[in-house]
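Read the numbers this way: they start at 1 and go in the same order the structure lists the ligands and their atoms. Fair warning: this is a prediction, and the values are worked out from it, not measured in the lab. As a basis for the values below, the full set of heavy atoms in this structure was taken, side chains included, without hydrogen atoms, waters or symmetry mates.
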Amino acid sequence: MKVLILPDAQAATRRAADIVSRTVSATPDSVLGLATGGTMLPLYDALAQRHRDEGLSFAKVTSFNLDEYIGLTPDHPCSYHHYMQEAFFRHVDIDPARTHLPKGDAADPQAASDDYEALIEKAGGIDLQLLGIGQNGHIGFNEPTASLGSRTRIKTLTESTRRANQKYFDSFDETPRYAITTGVATILASHKCLLIATGTAKARAVVDMIEGPVSAACPASALQLHARVTVILDEAAAGELHLKEYYETVHPGGRDSAFD
Ligand code: PGA
């Protein structure tokens with residue numbers, strides 16, 4: 001794993017935006033795997049700004065989001081369809097026909113999951129997968145003990161994930177219990193992964209992901225098996241890493257290498 005440690009969340013966001021911009025500029029018809037959550041909001045802001053100020057174009061990009069709650073329609077204000085529309089899609093020139101999220105309101109969510117997996121394959125797979133990490137080590141909604149060989153399917157959310165997401169809903173009871181999520185193996189099949197974690201609340205999960213054993217107890221640890229993963233951290237999220245100094249030696253100031 002390439003572990004880049006930046007001084008603060010703003011610098012981490014800028015670094016991540018550089019990587020996404022470079023990917024899209026070099027390959028305008030890239031297939032991006034997109035993520036939701038609070039960590040991604042400043043990244044989408046930064047990309048929208050580059051679209052406005054520098055002409056960064058997403059017109060030929062295809063996108064697949066990681067997950068969606070079951071039971072919410074796309075226009076529900078807490079759905080990830082709505083989040084993506086508000087946070088990113090409506091601010092850039094992406095073609096709505098090329099954007100994809102799992103259909104959380106499908107009559108048959110498992111059939112919808114199978115269709116989603118097939119669509120990703122038909123698009124040629126994901127070039128760059130953006131990822132956040134849950135405090136419990138989840139990626140997408142692959143909660144602890146999720147199969148590391150899993151593909152897109154229905155997952156039951158843990159209480160801790162529902163509590164973390166409760167702030168977006170009127171009450172804990174209204175916070176969805178189920179989601180469709182791409183699987184750990186779906187994520188591992190991406191050509192490259194870019195995971196961003198900021199804040200002390202993520203520090204424990206970050207250690208388990210980078211330095212812990214590969215274990216379904218921390219689904220993000222499966223990324224150790226992937227050859228092209230970049231992890232971007234701020235100081236707070238990196239605070240518990242045992243080999244922090246080593247990562248800072250290899251990637252001073254969060255640069256790609258000491259030789260840049
Ligand atoms: P967050 O979510 O960015 O809102 O912390 C990340 C995740 O749960 O994957």
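Side-chain atoms of Tyr83 and Asn65 form no donor-acceptor pair, as typed in the model, at a separation below 3.5 Å.
Remark: Lys244 engages Glu235 in a salt bridge, criterion side-chain N to carboxylate O under 4.0 Å. We find that Asp115 and Lys122 are not joined by a salt bridge, their nearest charged nitrogen and carboxylate oxygen being 4.0 Å or further apart.
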Could you check ligand 1 for N or O atoms lying under 3.5 Å from protein N or O atoms and list the pairs with distances?
residue, atom, partner, partner atom, Å
ligand 1, 3 (O), Gly38, N, 3.3
ligand 1, 3 (O), Thr39, N, 2.9
ligand 1, 3 (O), Thr39, OG1, 2.5
ligand 1, 4 (O), Gly38, N, 2.8
ligand 1, 5 (O), Lys202, NZ, 2.6
ligand 1, 8 (O), His138, NE2, 2.6
ligand 1, 9 (O), His138, NE2, 3.4

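Other residues, nucleotides and ligands place more than 12 heavy atoms under 6.0 Å from the CZ atom of Phe169.
Of the inter-residue distances, the one linking Glu121 atom CD with Arg151 atom CZ reads 7.5 Å to the nearest 0.5 angstrom.
With respect to Thr161, the side-chain hydrogen bond (donor to acceptor under 3.5 Å, both in side chains) criterion is satisfied by exactly one of Arg177, Glu143, Gln166, Lys155: Glu143.
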